[in-house]
Amino acid sequence: MRVSGAAAAGAPAARPAPWPAQRRCRRRAAAACRAQPEPVCLGQLDSEHNEVVAVYEVPDTRHFPAEVRGARVLLLDSSGNLHSVYRAGQPLTGAYWDALAVLPAWCPPGPLAVLGLGAGTVAHLVAALFPGRVTHGWELDAAVVELAQQHMGLAPLVRDGALVVHVGDALDAAAASVGPAGAAGIVVDLFARAALIPQLTEADAWRGVRARLAPGGRAIANLGAAPDAARAAGDPHAATTRAALAAMAEAFEGQLNCCSMVTGHAANLVAVSGPPLTTDDLAAVPAPLQAYARGWRPWAAAQW
């Protein structure tokens, strides 16, 4: 999700974008693949900020990866990367969004901010697992918000007061604020064209995030592919992840906890600011998210 200026709602695209080849069924025979049901495009809008804004409904069959079976997913480019996942009545995703949703367990009372709302996957998790928490979500692309309201359950969250949506630059500290007291917790999940946005490799961007926290608040961030896994797979974005982690550590003066979250077929590096997590912190995580309370360790440059 990009972070440069405000967006206008998109116009309907002339024809649906094809389902990315990277997300097709796993059968090797092309004829067998063609015999299986294809994901259905529920809606697509043109956008000045993304290559495409499309919501697909994926058949609930074994021919698709577990993290997308029976789900509605948001695609913003042809990379095959998923930017949001939604299953009505089933907030858990089995992917990195679940790890980001532990944050309220480690924050003081008060509103949360999500920088890079997408179609609201983290907001759905927070509303289900931490009832009463209000989330403010920033999304640059109004076309994303429009399709999420139509097809991915965003409208009920707004109607019920669980979510306040802001269309605009998530890193604009003046515009992206939940109020003078600051946010109890901030989720950072900012990607564009299948890569972490370059601003997050600079310490000043993280200082801006830190300045928007209430006293005792924490920020949690998806920094992309975990460096060890990315290097092993030849992922060119491994260096970006390491640079973003170093920048976040500088801004938070080394007060970070990190974890490589392995979910499905991906390993994401997730970092949360603040002092080392205690056993009480880990025990405070709701039972459905306890799998994501394991594996955290204090940041140290040599370890990552």
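Since this is a predicted model, take the numbers as computed values, not measurements.
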Could you check whether any side-chain N or O of [X] sits under 3.5 Å from a backbone N or O of [Y], counting only pairs where one atom can act as donor and the other as acceptor?
{"X": "Asp98", "Y": "Thr93", "answer": "yes"}
{"X": "Thr121", "Y": "Val85", "answer": "yes"}
{"X": "Trp206", "Y": "Glu250", "answer": "no"}
{"X": "Arg133", "Y": "Gly110", "answer": "yes"}
{"X": "Arg218", "Y": "Ser273", "answer": "yes"}
{"X": "Thr241", "Y": "Leu223", "answer": "yes"}
{"X": "Asn50", "Y": "Val52", "answer": "no"}
{"X": "Gln290", "Y": "Leu282", "answer": "yes"}
{"X": "Gln149", "Y": "Leu154", "answer": "no"}

Drop me the distance from [X]'s [atom1] to [Y]'s [atom2], to the nearest 0.5 angstrom.
{"X": "Leu256", "Y": "Ile220", "atom1": "CG", "atom2": "CD1", "answer": "11.0 Å"}
{"X": "Leu92", "Y": "Leu129", "atom1": "CG", "atom2": "CG", "answer": "6.0 Å"}
{"X": "Arg294", "Y": "Met261", "atom1": "CZ", "atom2": "CE", "answer": "10.0 Å"}

Practice task
For the pair Val114 and Val126, evaluate side chain to side chain contact (heavy atoms under 4.5 Å, CB included) and give the outcome as yes or no after the intermediate values.
Solution key: CA-CA 11 Å; Val114 176; Val126 171; over 6 Å; no

Handout entry: Under the side-chain contact (heavy atoms from CB on, under 4.5 Å) test, residues paired with Glu57 that sit two or more places apart
Key =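 With neighbours one apart ignored, the set is Leu42, Arg72.
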
Are [X] and [Y] connected, step by step, through hydrophobic side chains (Ile, Leu, Val, Met, Phe, Trp, Tyr) whose heavy atoms are closer than 4.5 Å?
{"X": "Val145", "Y": "Val134", "value": "no"}
{"X": "Leu289", "Y": "Val272", "value": "yes"}
{"X": "Leu157", "Y": "Val164", "value": "no"}

Practice task
Specify whether Trp138 and His166 have parallel, tilted or perpendicular ring planes, treating 30° as the upper limit for parallel and 60° as the lower limit for perpendicular.
Solution key: parallel

Exercise for the section: Identify the two heavy atoms, one from Phe130 and one from Val102, that lie closest to each other, and give their separation to 0.1 Å. Expected result: CZ-O, 4.4 Å

